Amino acid sequence: MINNFKYSMDNKRYHTWNYYLQKKFGCKVFKVSLNGGFTCPNIDGSKGFGGCTYCLSGSGDFAGDPTHSISAQFEEVKDKMLKKWPSAKYIPYFQANSNTYAPADILRQRFEPVLSKENVVGLALATRADCLKNDVLSYLEELNSRTFLMVELGLQTIFDETGFRINRCHTYAEFLDGYNKLKNRDIKTCIHLILGLPGETHSMMLESAKAVSKLRPTCVKLHLMHILKGTKMAQQYEDGEFETLTLREYVNTVVDCLEIFHEDTIIQRLTGDGGRDTLIAPLWSLKKFVVLNEIDKEMVRRDTYQGVKYED
């Protein structure tokens with residue numbers, strides 16, 4: 001079958017992050033994952049304790065070593081990735097925990113040193129929509145005026161009952177408030193969704209995808225629900241409170257979501273990474289390229305593309 005999807009240079013039928021970066025910067029660009037030493041409002045007690053029930057280390061398993069300085073982390077992670085892409089440029093990615101959950105002057109101290117590094121072309125910040133105070137928004141607006149800025153917002157689901165179950169400690173309404181504050185300032189956003197959360201049906205996952213699609217974010221990340229050792233969710237899983245998705249269920253759900261997202265929306269991720277030493281389930285997710293290949297094959301089998309079922 002001929003691939004007629006216009007945002008493709010490698011036969012993908014969805015709008016990949018690599019395609020977007022190659023078109024924008026004219027070369028390979030990779031993220032350098034960092035740990036800025038921040039926390040979250042559902043960890044430090046301002047809204048809750050313990051963090052999300054699935055979270056082991058602030059969702060920063062592949063970020064830099066937090067015992068090292070930000071600059072040292074940057075060099076360490078960058079040098080490892082340069083072995084694979086020796087002529088690439090970089091986007092520092094503050095990944096672990098909520099990276100706008102501090103006063104703006106603290107954020108400035110953490111972010112500015114890496115922005116001045118050679119071949120850095122932007123900045124990516126993972127955070128929550130309820131961690132956007134006015135001074136932070138003003139600083140983000142300033143950053144957006146002088147570099148390529150992407151703010152990643154963890155939503156995970158639009159259903160508040162699920163959010164309560166996983167200890168998110170914010171509502172969908174709060175998410176929309178924060179998202180709109182960024183959108184009104186023309187700040188690029190990436191929304192995270194998790195597929196396979198406890199208690200969620202296939203139709204619920206698609207409802208979340210439809211709601212996010214209508215928001216028209218710059219990017220979307222789809223994550224597979226991993227069960228990691230040492231988390232509260234691991235105990236719930238071992239107690240038989242829920243089951244994880246099969247590979248076939250996950251692939252079908254991802255393709256269903258891709259059909260819903262507008263073709264302009266960039267897909268940054270279609271699965272998640274669980275460390276081999278910490279992952280309990282689903283073990284099939286360790287074969288990441290198999291998962292991605294199965295998604296590609298299902299899109300070809302259906303002869304479908306991202307956006308074919310998009311609705312305003």
Side-chain angles (χ1 to χ4, degrees), residues 7 15-21 23-25 29-34 36 38 40-41 59-60 63 70 89-117 120-156 158 168 170-193 208 211-223 261-269:
Y7 298 110
H15 195 159
T16 68
W17 179 232
N18 183 56
Y19 173 91
Y20 172 79
L21 292 176
K23 291 294 183 180
K24 182 169 182 62
F25 296 107
V29 177
F30 63 75
K31 286 181 175 179
V32 178
S33 295
L34 305 170
F38 299 102
C40 295
S59 298
I70 300 297
K89 295 184 179 180
Y90 336 116
I91 295 176
Y93 177 32
F94 286 81
Q95 180 182 17
N97 292 300
S98 297
N99 294 279
T100 58
Y101 188 44
D105 59 338
I106 299 296
L107 303 185
R108 193 179 293 272
Q109 292 172 20
R110 309 281 169 89
F111 302 160
E112 296 296 332
V114 289
L115 278 174
S116 61
K117 298 277 189 180
V120 164
V121 295
L123 181 68
L125 306 173
T127 192
R128 292 161 53 108
D130 58 348
C131 295
L132 296 168
K133 292 187 176 179
N134 288 336
D135 64 324
V136 170
L137 287 166
S138 295
Y139 178 47
L140 294 180
E141 196 167 14
E142 176 199 325
L143 284 171
N144 194 49
S145 70
R146 57 187 171 92
T147 193
F148 174 83
L149 177 66
M150 181 73 67
V151 177
E152 301 192 12
L153 297 177
L155 171 59
Q156 323 313 1
I158 66 168
R168 282 298 292 174
H170 71 67
T171 64
Y172 182 46
E174 288 176 294
F175 171 85
L176 290 174
D177 179 62
Y179 171 80
N180 286 323
K181 287 176 180 177
L182 294 172
K183 186 172 184 178
N184 291 340
R185 290 167 172 79
D186 294 321
I187 295 172
K188 292 176 284 295
T189 55
C190 177
I191 298 178
H192 294 215
L193 289 173
S208 287
V212 167
S213 182
K214 289 179 180 179
L215 294 176
R216 295 292 299 276
T218 314
C219 306
V220 168
K221 280 186 178 181
L222 295 179
H223 296 266
F261 296 134
H262 192 280
E263 64 179 13
D264 290 349
T265 299
I266 303 150
I267 309 300
Q268 279 206 36
R269 181 180 284 273

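Values in this document were obtained by computation on a predicted structure and should not be read as measured data.
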Could you tell me the separation between the [atom1] atom of [X] and the [atom2] atom of [Y], rounded to the nearest 0.5 Å?
| X | Y | atom1 | atom2 | result |
| --- | --- | --- | --- | --- |
| K89 | F148 | NZ | CZ | 14.0 Å |
| D186 | L149 | CG | CG | 12.0 Å |
| I91 | K31 | CD1 | NZ | 7.0 Å |

Is there a donor-acceptor pair closer than 3.5 Å between any side-chain N or O of [X] and the backbone N or O of [Y]?
| X | Y | value |
| --- | --- | --- |
| Q109 | I106 | no |
| N99 | F94 | yes |
| S208 | I158 | yes |
| T100 | C131 | yes |

| said: Can you confirm whether the side chains of D105 and Y139 place a donor and an acceptor under 3.5 Å from each other? | reply: no
| said: Checking side-chain polar atoms at under 3.5 Å, does Y20 have a donor or acceptor matched by the opposite partner on Q268? | reply: no
For the pair [X] and [Y], find out whether any cationic side-chain nitrogen is under 4.0 Å from an anionic carboxylate oxygen.
| X | Y | value |
| --- | --- | --- |
| E263 | R216 | no |
| R128 | D130 | yes |
| R185 | E142 | no |

| task | Cation-pi check, R110 to F38: give yes when NZ or CZ is under 6.0 Å from the six-membered ring centre and within 45° of the ring axis, no otherwise. | result | yes
| query | Is the number of heavy atoms from other residues, nucleotides or ligands under 6.0 Å of K183 NZ greater than 12? | reply | yes
| message | Among T189, I191, V220, exactly one meets side chain to side chain contact (heavy atoms under 4.5 Å, CB included) together with L215. Which residue is that? | response | I191
| task | Just jot down the ring pair (Phe, Tyr, Trp, His ring centres under 6.0 Å) partners of H170, sequence neighbours excluded, or say none. | result | none
| Residue list, side-chain contact (heavy atoms from CB on, under 4.5 Å) with S213, at least two apart or on another chain | I260, F261, Y310
